[in-house]
Amino acid sequence: MQNSKRNRFICFFLVSILSGCTTPPYRITKQQGRKVEFNVAPERILMECEEIKTHEVLYGFMIHVLDEENTVLTMSQGNRLGKKTCFDGIKKIERILKRGKHIYIGAIGDFEVPRVKEEYKYTYPKLGTFHGNGRAFGFMAIANEHGDCYDAYYGDKMPCPQSEFPIK
Amino acid sequence: MHVSVSEKNPTGLTIRDQHLRRLQGTYLGTDEIESIFNKYDRKALIYPTPNKLKEYKNADMHDEQIAVWTDYFNKKFNINPPLDPNVVKALIASESGFHKDPPNNPVAIGIAQITKPTLKILQDPKGETKDFIFTKIRQKDLKDPNIAIPMGIRWLFRKRQTAESKLKRTPNAEEIILEYKGLLKSTTTYKDSALKKFRNEYAKLKKK
């Protein structure tokens, strides 16, 4: 059952990739309301676990994606994570990025928000340094064309992505 | 206190363990939570806006719990201006995406992502929420939205109080949410991102 869901997702993802004439490094493949699916080259993705100190120490997880205009949009996970969960998540996603050429990202957010040039800058090792564009999305899931996948709320448990994604 | 003199206690004096007795209406256990929710007067209750956060599968599933418990604590703490139930709904959207028990984050539990230290504070009769606490709530109970929602809202009211004391004025909805997330005085990128996300969700709920 889980394997069939996984295979269905891989098929679905490959169709999304192949439906474009070329495979640009950043492309919005599907949109439904504020739900958005992206196909992004791995070198355009950075990740971060930022420490938040309150009466306990927690971490905010973010993915910074370099878009088609070479500005950076940030996808963050709304719930704050424990240190282990946050850094393990980065390791698992790094594996996804290393093994894949086409990276699927599912996120929730608003493209109507106009781009602004933020002070925040992000350095992509192969591409250079770029400014944030002020757009903020909620990170939901990331996967590659081999079916390796990580869901914001369910980690690498299959089926992945869960619930709201992929967009049907 | 005095007790009868015995071989074991020749002085007739003993120390009584202090069991703090709490007045009814200053604490909630699972039974009280269920009973209050079932019997709550729903006349003039303000509900969060339905059919707006369509991106989330279960977005409107807990509107009734949000409405009842926001109203309950608004009245309990006599808050002015009262907390808007849409603030709670937008918070839950950002914390768990309305998943009742997202399993990937063992430090926080349930739909409101209450952490273990927060659960402890919420039940501590001498702690920072001592004026109104919960009793006998176990970690696994937080997987039930019927328990997690009133506890999350109680914590949000506490965070409103701490935000007010930090800002020295009445905090707005965004500031209360930032304080819930421990980000009010933070200067991180994550704070900016979390704030923008909350604004998006809240604006969607408020849009006519």
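So that the names make sense, note that chain A is the first sequence line, chain B the second, and so on, each numbered from 1.
- Using a 3.5 Å distance cut-off with no hydrogens or angles, the side chains of N133(A) and E118(A) do not pair a donor with an acceptor.
- Between H99(B) and Y154(A), the ring-plane angle classifies as perpendicular under the 30° and 60° cut-offs.
- Under the 4.5 Å side-chain criterion, counting only non-hydrogen atoms from C-beta, E69(A) is not in contact with F130(A).
- For S186(B), no part sits under 4.5 Å from any heavy atom of chain A, backbone or side chain.
- Interface residue K57(B): backbone and side-chain heavy atoms are both found under 4.5 Å from chain A.
- Using cut-offs of 30° and 60° on the angle between ring planes, the pair H55(A) and W155(B) is perpendicular.
- Comparing G33(A), G89(A), G155(A) by how many heavy-atom pairs each has under 4.5 Å with chain B, the most go to G155(A).
- Using a 4.5 Å cut-off between heavy atoms, Q162(A) does not touch chain B at all.
- A donor-acceptor pair shorter than 3.5 Å cannot be found between the side chains of Q139(B) and D141(B).
- There is no contact between Y59(A) and chain B, counting heavy-atom distances below 4.5 Å.
- Both the backbone and the side chain of L81(A) come within less than 4.5 Å of a heavy atom in chain B.
- In summary, the side chains of T71(A) and R115(A) do present a donor paired with an acceptor at a separation below 3.5 Å, with no hydrogens or angles considered.
- Applying the disulfide (SG to SG under 2.5 Å) test to pairs two or more places apart or on separate chains, none has a residue in residues 69-119 of chain B.
- Ranked by heavy-atom pairs shorter than 4.5 Å toward chain B, the options D110(A), D151(A), T54(A), T85(A) are led by T85(A).
- No hydrogens or angles considered: nothing links the side chains of N105(B) and Y153(A) as a donor-acceptor pair under 3.5 Å.
- With a 4.5 Å cut-off on non-hydrogen atoms, F165(A) does not touch chain B at all.
- For Y120(A), there are no ring pair (Phe, Tyr, Trp, His ring centres under 6.0 Å) partners two or more places apart in sequence or in a different chain.
- Of residues 107-116 of chain B, those residues with a non-hydrogen atom less than 4.5 Å from any non-hydrogen atom of chain A are, in numerical order, V107(B), Q113(B), T115(B).
- Within the 4.5 angstrom heavy-atom criterion, no atom of L91(B) approaches chain A.
- Contacts between K185(B) and chain A at a heavy-atom distance below 4.5 Å are absent for every atom of the residue.
- There is no contact between D156(A) and chain B, counting heavy-atom distances below 4.5 Å.
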task: Under the side chain to side chain contact (heavy atoms under 4.5 Å, CB included) rule, what do I177(B) and L156(B) come out as? Steps first, then yes or no, please.
output: CA-CA 8 Å; I177(B) 294 300; L156(B) 198 56; 4.2 Å; yes
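- For K83(A), no part lies under 4.5 angstrom from a heavy atom of chain B.
- Scanning residues 76-86 of chain B against chain A with a 4.5 Å non-hydrogen threshold yields no residues.
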